[in-house]
*Asks:* 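Here it is, the structure in full.
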Amino acid sequence: MEIMTEKIRKIAKEALLNNKVQMVIGWEKGDFSFESTPVFITEVEKVDSLIFDNYCVNNLSKYLIEQTKKYEKIGVFLKGCDSLGFNQLLRDNRIERDKVYVWGIPCSGMLDSKNKKYTKCENCLHPNPVVYDELIGEEINNIGNPEERFREVKILENMSADERYEFWSNEFSRCIRCNACRNICPACSCVKCIFDNDDINVLGKANIETETSFFHLTRAYHVAGNCVDCGECARVCPAHIRLDLLNRKIIKDLNETYGEWEAGMDSTTPSPLVSYTLEDKDNFAIKKGGK
């Protein structure tokens, strides 16, 4: 990790000195040894604050929406899961490709404050960036087990309807409506969120079970087909709600209904929910009852 830190500092310094970019987005050390946080650097003198270690878990792609409005060119360091989010933002026309220079970093997984690998990293299928202008370091050959990706989802599917309802009611009951999940998500990037539109009055301000559940379910379906499974929503949630499971369940259903699909692999292919063929399955025509 020290070698990688030296590399990114050297690269960032040269890029700023040569005016290749006007800002560099990376990570710096936080207040604790287990904390590394996003940093936005425009001055060469501050490049030495850049680091790369086992705690650089933040997906930096979402920050590009606002920062690319301010600078002609931005350099950003992206891990594998970050690069999927980057492609999603490109596909949604939220950022311009020629305004960003991407340094890709192969990643073997990040650790939390207890030095345990994050759930999102345990079976990562993309330890290497899928898009970059320059790759830093050697590609990682060891990828996660695709079968393990949906292991927890299958446990939920095997529950009864009442058990599932109780599980999700308990999860959503802890929500404090802070919107951290929405704000960090690279697939949730509308110019103005429907839940912030006071003219429509879709959702009240009261933190009650029905409205909280409505928020999370609506958001999950809104990003269906666009979620890159980066797990940031669950990671930043102060109430530790398993939003990653909700998104992963929808991903599993999409794969089973429309065929294998993975958002963020490129910036042009439309998701299954915004495209169709006459050969598509018509499962929705089958009437089903119950919860």
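Side-chain atoms are counted along with the backbone in the values below, which use heavy atoms only and exclude waters and symmetry mates.
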*Asks:* What I'd like to find out is whether the side chain of Trp168 reaches to under 4.5 Å of the side chain of Leu246, using heavy atoms alone.
*Replies:*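 A side-chain contact under 4.5 Å exists here.
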
*Asks:* Can the ring centres of Phe52 and Trp27 be said to be less than 6.0 Å apart?
*Replies:*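 Yes, the ring centres sit under 6.0 Å apart.
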
*Asks:* Restricting to non-hydrogen atoms, name the atom on Lys79 and the atom on Met110 that form the minimum distance, rounded to 0.1 Å.
*Replies:*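 Scanning both residues completely, I find the closest heavy atoms to be CD-CE, 4.1 Å.
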
*Asks:* On a heavy-atom basis, which atom in Val21 and which in Leu16 lie closest, and how many Å separate them?
*Replies:*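 Closest pair (atom of Val21, atom of Leu16, distance): O-CD2, 3.6 Å.
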
*Asks:* Does atom CG of Leu17 have more than 12 heavy-atom neighbours from other groups under 6.0 Å away?
*Replies:*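 Above 12, so yes.
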
*Asks:* Report yes if the side chains of Asn115 and Tyr55 come closer than 4.5 Å at any heavy-atom pair, otherwise no.
*Replies:*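 The answer is yes, as the side chains (C-beta and beyond) meet within the 4.5 Å cut-off.
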
*Asks:* Can you give me the closest heavy-atom contact between Ala187 and Asn226, atom names plus distance?
*Replies:*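 Answer, listing the atom of Ala187 first, then Asn226: CB-O, 3.5 Å.
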
*Asks:* Between Arg151 and Glu147, does the salt bridge (charged side-chain N to carboxylate O under 4.0 Å, His left out) criterion hold? Intermediate values first, please.
*Replies:* CA-CA 7 Å; Arg151 180 179 58 81; Glu147 293 298 321; over 6 Å; no

*Asks:* How about NZ on Lys252, more than 12 heavy atoms from neighbouring residues, nucleotides or ligands closer than 6.0 Å, or not?
*Replies:*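 For Lys252, atom NZ is crowded (more than 12 foreign heavy atoms under 6.0 Å).
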
*Asks:* Run the ring pair (Phe, Tyr, Trp, His ring centres under 6.0 Å) check on Tyr63 and Phe40 step by step: do they pass?
*Replies:* CA-CA 10 Å; Tyr63 299 105; Phe40 307 84; 5.4 Å; yes

*Asks:* Can you name the nearest heavy-atom pair linking Cys181 to Phe215, along with the distance?
*Replies:*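 So the two residues come closest at SG-CE2, 4.0 Å.
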
*Asks:* Flag yes if more than 12 heavy atoms outside Lys99 fall under 6.0 Å of its NZ atom; otherwise flag no.
*Replies:*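 Count over threshold, so yes.
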
*Asks:* Under a 4.5 Å cut-off applied to non-hydrogen side-chain atoms, are Asn58 and Val236 in contact?
*Replies:*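 No. Closest side-chain heavy atoms not under 4.5 Å.
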
*Asks:* Tell me, yes or no, whether the heavy-atom count around Asn141 atom CG, taken from other residues, nucleotides or ligands under 6.0 Å, exceeds 12.
*Replies:*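 No - once you tally the heavy atoms of other residues, nucleotides and ligands closer than 6.0 Å, there are 12 at most.
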
*Asks:* For a quick test of reading the model, state the closest non-hydrogen atom pair linking Ile8 to Thr5 and the distance between them.
*Replies:*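 That would be CG1-O, 3.2 Å.
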
*Asks:* Is there side-chain contact between Thr119 and Asp244, with heavy atoms separated by less than 4.5 Å?
*Replies:*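 In short, these two side chains touch, coming nearer than 4.5 Å.
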
*Asks:* Going through the distances and angles, do Glu157 and Lys154 end up as a salt bridge (charged side-chain N to carboxylate O under 4.0 Å, His left out)?
*Replies:* CA-CA 5 Å; Glu157 290 177 335; Lys154 292 177 181 178; over 6 Å; no

*Asks:* So, applying side-chain contact (heavy atoms from CB on, under 4.5 Å) with Val100, which one of Leu64, Asp133, Leu90 is it?
*Replies:*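 It is Leu64, the one option of Leu64, Asp133, Leu90 that forms the side-chain contact (heavy atoms from CB on, under 4.5 Å) with Val100.
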
*Asks:* Determine yes or no for a side-chain-to-main-chain donor-acceptor pair under 3.5 angstrom, with Arg94 supplying the side chain and Leu89 the backbone.
*Replies:*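 Answer holds: no.
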
*Asks:* Hey, are Asp162 and Ser160 close enough side-chain-wise for a donor-acceptor pair under 3.5 Å?
*Replies:*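 No, Asp162 and Ser160 have no side-chain donor paired with an acceptor closer than 3.5 Å.
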
*Asks:* Quick one about Glu166 and Asn170 (side-chain donor to acceptor, distance below 3.5 Å, no hydrogens or angles considered), yes or no?
*Replies:*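 No donor-acceptor contact under 3.5 Å links the two side chains.
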
*Asks:* If you measure only the distance, is there a donor-acceptor pair under 3.5 Å linking the side chains of Asp53 and Ser36?
*Replies:*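 Short answer, yes.
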
*Asks:* Within the supplied structure, the quantity of interest is the number of heavy atoms (other residues, nucleotides, ligands) at a distance under 6.0 Å from Glu72 CD; does it exceed 12?
*Replies:*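 Not more than 12 within 6.0 Å, no.
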
*Asks:* Is a side-chain donor-acceptor pair under 3.5 Å present for His126 with Glu262?
*Replies:*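 Yes, a side-chain donor-acceptor pair sits under 3.5 Å.
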
*Asks:* Quick one: closest heavy-atom pair of Ser108 and Lys117, and the distance?
*Replies:*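 Result for this residue pair: O-NZ, 3.1 Å.
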
*Asks:* Using the rule given for salt bridge (charged side-chain N to carboxylate O under 4.0 Å, His left out), can you reason through Arg242 versus Glu152, listing the C-alpha separation, both sets of side-chain angles and the distance that settles it, and then say yes or no?
*Replies:* CA-CA 11 Å; Arg242 292 301 307 275; Glu152 291 183 281; 3.1 Å; yes

*Asks:* Can you list the steps and then say if Glu232 with Lys120 is a salt bridge (charged side-chain N to carboxylate O under 4.0 Å, His left out)?
*Replies:* CA-CA 8 Å; Glu232 284 288 83; Lys120 63 183 252 182; 3.0 Å; yes

